[in-house]
Amino acid sequence: MSNNNQIDPRGPRFGAAITSTLLAVTIFLALDPATKDAAFGLLVVITALFAVGAFFGVSNHPYAWLFKSLVRPRLQAPKELEDATPPRFAQGVGLFVALVGVVLHVSGVELGLVFAAAAAFFAAFLNAAFNYCLGCQIFLGLKRLKLIR
């Protein structure tokens with residue numbers, strides 16, 4: 001639900017639940033040499049999804065469509081809306097971390113994919129389970145330091 005760059009705060013949390021699940025599967029697959037290629041493919045998909053959120057905004061993310069279509073109609077209206085900018089920044093942080101995992105894997109770094117996926121999982125799980133958006137907090141910290149507008 002977006003209105004003038006305002007979103008239902010439950011939408012990104014819903015997306016984080018999906019993302020953390022996909023990242024857990026990625027880690028599981030990456031730990032077995034027989035399924036490492038599948039893990040890499042899944043991480044590439046997750047990286048592309050982060051790119052959609054970072055470049056086109058969280059309201060235009062496929063998970064936002066799922067939330068708006070399937071979940072939001074079954075919920076009461078949110079008590080308040082939130083600015084979409086910090087979650088969008090968080091998608092950029094996720095993109096960076098996932099992209100590092102892709103590059104490390106392609107470069108032959110043995111556990112690079114696992115460590116990057118684990119770092120992204122940690123952040124996504126914090127949001128999904130505890131409503132704590134690590135990327136949003138980084139955004140707010142950088143804003144307080146006047147490093148970004």
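The basis for the numbers below is simple: all heavy atoms, side chains too, and nothing from hydrogens, waters or symmetry mates.
- For residues 84-101, every residue pair satisfying the side chain to side chain donor-acceptor pair (under 3.5 Å) rule, not counting sequence neighbours, is listed here: Asn5-Thr85, Asp83-Thr85.
- The backbone N or O of Gly11 sits nowhere less than 3.5 Å from a side-chain atom of Lys68 that would complete a donor-acceptor pair.
- Among all heavy-atom pairs drawn from Gln76 and Arg10, the shortest one is O-NH2, 2.9 Å.
- Phe115 pairs by the ring-ring contact (aromatic ring centres under 6.0 Å, His included) definition with nothing, not counting sequence neighbours.
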Less than 3.5 Å apart, which donor and acceptor atoms pair up between the side chains of residues 124-131 and the rest of the protein, not counting sequence neighbours?
none

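- Closest of all the heavy-atom pairs between Gly135 and Ala90 is CA-CB, 3.7 Å.
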Evaluate Leu75 against Phe67 for side chain to side chain contact (heavy atoms under 4.5 Å, CB included), listing each step before the verdict. CA-CA 10 Å; Leu75 302 175; Phe67 178 77; 4.1 Å; yes

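- Across every non-hydrogen atom of Val102 and Val44, the tightest pair is CG2-CG2, 4.2 Å.
- Screening residues 89-114 for salt bridge (charged side-chain N to carboxylate O under 4.0 Å, His left out) gives Lys36-Glu110 as the qualifying pairs, with residues at least two apart or on separate chains.
- Side-chain contact between Pro87 and Glu82 is present, with at least one heavy-atom pair separated by less than 4.5 Å.
- Transitive grouping of hydrophobic side chains (ILVMFWY, heavy atoms separated by less than 4.5 Å) keeps Leu99 and Val45 in distinct clusters.
- A continuous path of ILVMFWY side-chain contacts below 4.5 Å connects Phe122 to Val114, so both sit in one hydrophobic cluster.
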Taking it one step at a time, do Leu95 and Thr47 satisfy side chain to side chain contact (heavy atoms under 4.5 Å, CB included)? CA-CA 6 Å; Leu95 170 61; Thr47 303; 3.7 Å; yes

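- Side chain of His61 to backbone of Val52: no donor-acceptor contact under 3.5 angstrom is found.
- By the 4.5 Å heavy-atom criterion applied to side chains, Pro9 and Glu80 are not counted as neighbours.
- Residue-environment remark: CZ (Phe40) exceeds the threshold of 12 foreign heavy atoms within 6.0 Å.
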Can you give each donor-acceptor pair under 3.5 Å made by side-chain atoms of residues 20-35, sequence neighbours left out, with the distance rounded to 0.1 Å?
unit_1	atom_1	unit_2	atom_2	d
Ser20	OG	Ala16	O	3.0
Ser20	OG	Ala17	O	3.1
Thr21	OG1	Ala17	O	2.9
Thr26	OG1	Leu22	O	2.8
Asp32	OD1	Ala34	N	3.0
Thr35	OG1	Leu29	O	2.6
Thr35	OG1	Asp32	O	3.3

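- Other residues, nucleotides and ligands contribute more than 12 heavy atoms inside 6.0 Å of the CG atom of Asn60.
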Acceptor/donor pairs from residues 139-149 side chains to any protein atom, 3.5 angstrom cut, sequence neighbours excluded:
none

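- Atom CG of Leu113 sits about 12.0 Å away from atom OG of Ser107, to the nearest 0.5 Å.
- With rounding to the nearest 0.5 Å, the separation of CG in Leu81 from CD1 in Ile7 is 8.5 Å.
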Stepwise side chain to side chain contact (heavy atoms under 4.5 Å, CB included) test for Leu66 and Ile18: CA-CA 11 Å; Leu66 286 172; Ile18 297 170; 4.2 Å; yes

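- The minimum heavy-atom distance linking Ala98 with Leu43 is given by the pair O-CD2, 3.9 Å.
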